[in-house]
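First up is the structure itself, then whatever we jot down about it.
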Amino acid sequence: MAERLQKIELEKAYNPKDFEDRIYEQWESQGCFKPVKRSDTKENYVVVIPPPNVTGVLHMGHGLNNTLQDIVVRYHRMKGDETLWVPGTDHAGIATQNVVERQLKKEGKSRHDLTREEFLQRTWQVKDAHHAIIVNQLKKIGASADWSRERFTLDEGLSAAVREVFVTLYERGLLYRGNYLVNWCTRCGTALADDEVEYTDKKGAMYHIYYKLADGQVLADGSDRIEIATTRPETLLGDTAVAVHPEDERYAHLVGKLVELPLTGRKIPIIADSYVDKEFGTGMVKITPAHDPNDWEVGKRHNLEVINILNPDGTLNDAVPQKYRGLTCEKARSLVLEDLRELDLFKNEEKITHAVGECYRCHTTIEPYLSEQWFVKMKPLAEKALSAWQKGEITFYPKKWENTYAHWMENIRDWCISRQLWWGHRIPAWYCDDCKQMTVSREDLSACTHCGSKNIHQDPDVLDTWFSSWLWPFSTLGWPSKTEDLKAFYPTTALVTAYDIIFFWVSRMIMAGLEFTGEVPFKDIYIHGLVRDRQGRKMSKSLGNGIDPLEVVKSYGADALKFTLAFMCAQGQDVLVDMESFKLGSRFANKIWNASRYILGNLEGREIRPVKKSELTELDRWIYHALNKAADNSRKALEAYRFNEAAQVLYEFFWNNFCDWYVEATKLSFKTNDENEMNRAASVLLAVLEESLRLLHPFLPFVTEEIYGRLPQNCAFGAKPRAAILMTAVYPAFTEDRIDETAARRFEAMQDIVRQVRALRTECGIDPQLKLSIALFTEDQSPAAAAKEKTDIIKMLAGLSDISFIASPAEKPASSIGTVGAGFEAFIITGEAVDLSQLRQRFQKESEKETANLARIEAKLANKNFTDHAPADVIEAEKTKLAETTRRIQKLAGYIKDLG
């Protein structure tokens, strides 16, 4: 039954602040974010959020990451898949503890002024405050996550999963504890895993110093001292050997002899080890097992003494002479060098730039440090994860990250998982003070399981934050309990994350999934780039180039944020933006609003009804063909995580095909006095708008939902009624029935005619408002011949008063200037509206300019120095310019000839 439209009004100006918060509340209150099983033939689509640190605020990197997740989640939800996006936050052990310790420092306190329980209580308060901010930010940018399933890495369920995994690894022999050299952050006071150390090039020095040979030994030249080069002379206080290469004949007679270690009164041996590069420097290397990872390995091979010279805070300890104790490494270095100079054991220093390891959280220089820690044996886990990739169980988008993944797995080292913090999952190991035995337990202990003593204490350390987050895909669904969610939604489908945590998190999740569930935790791994400023610099507080996503939302709206980031996010590339960039998304959202406002505002009194295919005009069939193609291409792009391609497809369809051509062309239908035709055209126009909004929704959810809610109930064609909420509507799909290549070719030819006439008008400098006449030649049987049936559309869109058709180009009017396209030639009849002599002079000047430009390009390409040394793409670009300039000169020559 036809429905006569009432007046439908959208506000004159697009203002996302008027509706974004209201729409989000509507979605959430109506349960739109929860997974719904719509069909037995559809699959699950499950994504777990990379949990942001609970103490942080969302930066633009989070904005990009959550935008991309939201787009694929909304797409699969509309596609009909049972879709779940699990949100949550990470307790971020080091970062969160640092926040609280900084607060205490302002109060003149340290954490040791509080009990552990008091400190944790205060940390939970910080967590709760920051958590509320993060959730609000995610909602502000439109994240359609199922908040009823939100998790936190320290919640009760995830804590149970962490303990289960720790104990299971211990039972399987994959967990061990002992004194090993670890990466130590003196500021955070904790060990770090290898991949939590960031390397930065810094200015430093290579110091050349001497050690005296002991017991009357001399070198071949008669010298009684050897030269050592080091960047850290203070560590000589912990040296336990000097090493040479076994095949270095210069020092073969010294192997097994001793040298006097300066400033210490100790003598240390000269050993032979293939670790030494005999071609580098003097071929002699100081060995400090407790403070260098390579020296640690040498020390193990030769059973060297290990002397730790550092306190946990980075100052020198009692293992060094009295005068150096308590000094920082920097101060000790200065004093050691001063003392070496006095002893005539300092040669010189050379300035260098070298990579220095820093804490990934506070950027303090990392110290190799001997400490008792817990480790996971990674090789057995990595072998399974590598095999899963080789068997095709996981797929990387883009594929280039597969090599990075494989290389890390093949060269993996054991993972130090203990941290000397209070905030985190406490290690479930208890030590008996009586029998000295250790017990690892799933349950808290009150007595020793070996001797029954009550005199026990729990390990004071906590687990690395990543130890809880590597379980994230299955612990969030209830594992180790056999929950309904775990059964229904594990394995998950996709992981969307940035490449900077591929080692920290992605690889470990795959290992954990295989080890504890027997399945990979996800099938698709989409690795996106980082968000950088327009100069390509990483956004940071120090540079002041960061952009707050909420500031973008405040200025332009969440849709502008989402669409811009997606439009600019090409696979395998970083995203370069500034605040101005988001005008792209804002303009597009504004275009959608204004086009919809125009359509809805001009349909009062129209009767809308389903329109049969036989009733569709060729124009209608063309727009459905274009819509069909856009739906197909956007689906293909989204299935392959090519976000920018999907965004560009939708932008081109809606702005160009729908707004600039179809909506404009349909105006002719509303200028008739035929009531039936106006009703038919209105019905098709609304149906195309309704489907277009569904197509656009994943990228611009707020503006499309707001407009969708204003549409008449029966504006959509099809057996099913229009969805009440756009977010839960069906995403448009490609159908064979809508293919109409003939209509497409004919309409595209008409578009080409209009474009060429518009361009020629611009070239001639003719006022766009001036109605012109043209003479048009079209080849028989060509798509352009459709122009004879489309004169009204061409006249309206090209701003013409008249079109006269000619049998051949030779019949062109005398005072005209022409342009050529596929299957046609069009001639603007200049007449009195154009000063022909002025136009001829304009084209002549342009031709002279282009001819001079052509000569420069030809000379450049004739220059052998340029062609032999310039990059291939630069040379190719010059050749392209040459071809374009040549064509331009030929076109101008044609114009000048036409003007006589």
Side-chain angles (χ1 to χ4, degrees), residues 93-94 162-185 188 190-199 275 288-304 306 308 357 359-361 366-389 404-421 424-429 438 440 459 461-472 501-516:
I94 294 174
V162 165
R163 183 168 288 197
E164 176 65 28
V165 164
F166 185 93
V167 177
T168 300
L169 287 172
Y170 183 77
E171 292 169 345
R172 293 177 182 175
L174 294 171
L175 205 60
Y176 64 94
R177 178 173 178 260
N179 268 302
Y180 293 90
L181 200 65
V182 297
N183 305 296
W184 187 266
C185 176
C188 298
T190 184
L192 299 175
D194 291 340
D195 39 24
E196 291 175 314
V197 179
E198 294 180 345
Y199 288 89
Y275 157 68
T288 322
H291 297 288
D292 182 275
N294 293 315
D295 294 3
W296 170 262
E297 297 299 328
V298 173
K300 286 198 295 184
R301 287 194 290 273
H302 295 270
N303 198 28
L304 297 177
V306 178
N308 175 25
C359 173
Y360 80 117
R361 282 299 173 199
I366 289 297
E367 295 289 347
Y369 183 71
L370 186 65
S371 177
E372 190 167 52
Q373 304 289 344
W374 286 89
F375 295 84
V376 176
K377 295 179 183 177
M378 298 299 280
K379 191 171 182 180
L381 304 179
E383 287 171 350
K384 294 178 185 178
L386 191 59
S387 176
W389 164 66
T404 306
Y405 173 81
H407 181 266
W408 192 69
M409 288 297 189
E410 290 164 354
N411 296 277
I412 201 163
R413 296 173 65 176
D414 287 354
W415 175 18
C416 176
I417 59 170
S418 45
R419 299 290 180 269
Q420 290 62 56
L421 306 171
H425 295 280
R426 194 162 176 182
I427 290 176
M438 178 185 74
V440 171
D459 196 310
D461 291 350
V462 299
L463 290 161
D464 178 9
T465 297
W466 299 101
F467 195 86
S468 52
S469 56
W470 78 323
L471 316 177
W472 190 249
I501 58 172
I502 190 171
F503 308 130
F504 287 120
W505 193 44
V506 179
S507 301
R508 289 181 186 153
M509 281 191 291
I510 296 168
M511 287 186 265
L514 289 165
E515 184 67 23
F516 301 110

Within the 4.5 Å heavy-atom criterion, are [X] and [Y] side-chain neighbours or not?
{"X": "Gln373", "Y": "Trp184", "answer": "yes"}
{"X": "Val162", "Y": "Leu471", "answer": "yes"}
{"X": "His291", "Y": "Asn308", "answer": "yes"}
{"X": "Thr404", "Y": "His407", "answer": "no"}
{"X": "Phe467", "Y": "Val165", "answer": "yes"}
{"X": "Val376", "Y": "Leu381", "answer": "yes"}
{"X": "Trp374", "Y": "Asp464", "answer": "no"}
{"X": "Leu192", "Y": "Cys359", "answer": "yes"}

Fill in: Neighbour count >12 (heavy atoms, 6.0 Å) for atom CZ, Arg413
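For Arg413, atom CZ is not crowded (no more than 12 foreign heavy atoms under 6.0 Å).
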Enter the distance from [X]:[atom1] to [Y]:[atom2] here, rounded to the nearest 0.5 Å.
{"X": "Thr465", "Y": "His425", "atom1": "OG1", "atom2": "NE2", "result": "8.0 Å"}
{"X": "Glu383", "Y": "Glu410", "atom1": "CD", "atom2": "CD", "result": "10.5 Å"}
{"X": "Trp466", "Y": "Arg508", "atom1": "CH2", "atom2": "CZ", "result": "7.5 Å"}
{"X": "Asp461", "Y": "Thr190", "atom1": "CG", "atom2": "OG1", "result": "7.0 Å"}
{"X": "Glu164", "Y": "Thr168", "atom1": "CD", "atom2": "OG1", "result": "4.0 Å"}
{"X": "Ile417", "Y": "Ile427", "atom1": "CD1", "atom2": "CD1", "result": "6.0 Å"}

So, [X] side chain and [Y] main chain: donor-acceptor pair closer than 3.5 Å or not?
{"X": "Lys384", "Y": "Glu515", "result": "no"}
{"X": "Arg177", "Y": "Phe375", "result": "no"}
{"X": "Asp292", "Y": "Thr288", "result": "no"}

Exercise: identify the closest heavy-atom pair between [X] and [Y]:
{"X": "Gly93", "Y": "Leu421", "answer": "C-CD1, 3.8 Å"}
{"X": "Asn179", "Y": "Trp296", "answer": "O-CH2, 3.7 Å"}
{"X": "Ser418", "Y": "Ala191", "answer": "O-CB, 3.9 Å"}
{"X": "Met509", "Y": "Ser469", "answer": "CG-O, 3.7 Å"}
{"X": "Leu386", "Y": "Ala406", "answer": "CD1-CA, 3.8 Å"}
{"X": "Cys416", "Y": "Val182", "answer": "SG-CG1, 4.1 Å"}

Discussion item. Does either side chain, that of Tyr180 or that of Asp414, offer a donor lying less than 3.5 Å from an acceptor on the other one?
Written reply: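 No, Asp414 and Tyr180 have no side-chain donor paired with an acceptor closer than 3.5 Å.
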Discussion item. My understanding is that only one of Trp505, Phe166, Trp415 makes a ring-ring contact (aromatic ring centres under 6.0 Å, His included) with Trp470; could you say which?
Written reply: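 Only one of Trp505, Phe166, Trp415 forms a ring-ring contact (aromatic ring centres under 6.0 Å, His included) with Trp470, namely Trp415.
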Discussion item. Using side-chain contact (heavy atoms from CB on, under 4.5 Å), reason through Val298 and Arg301 one step at a time and then give a plain yes or no.
Written reply: CA-CA 5 Å; Val298 173; Arg301 287 194 290 273; 3.4 Å; yes
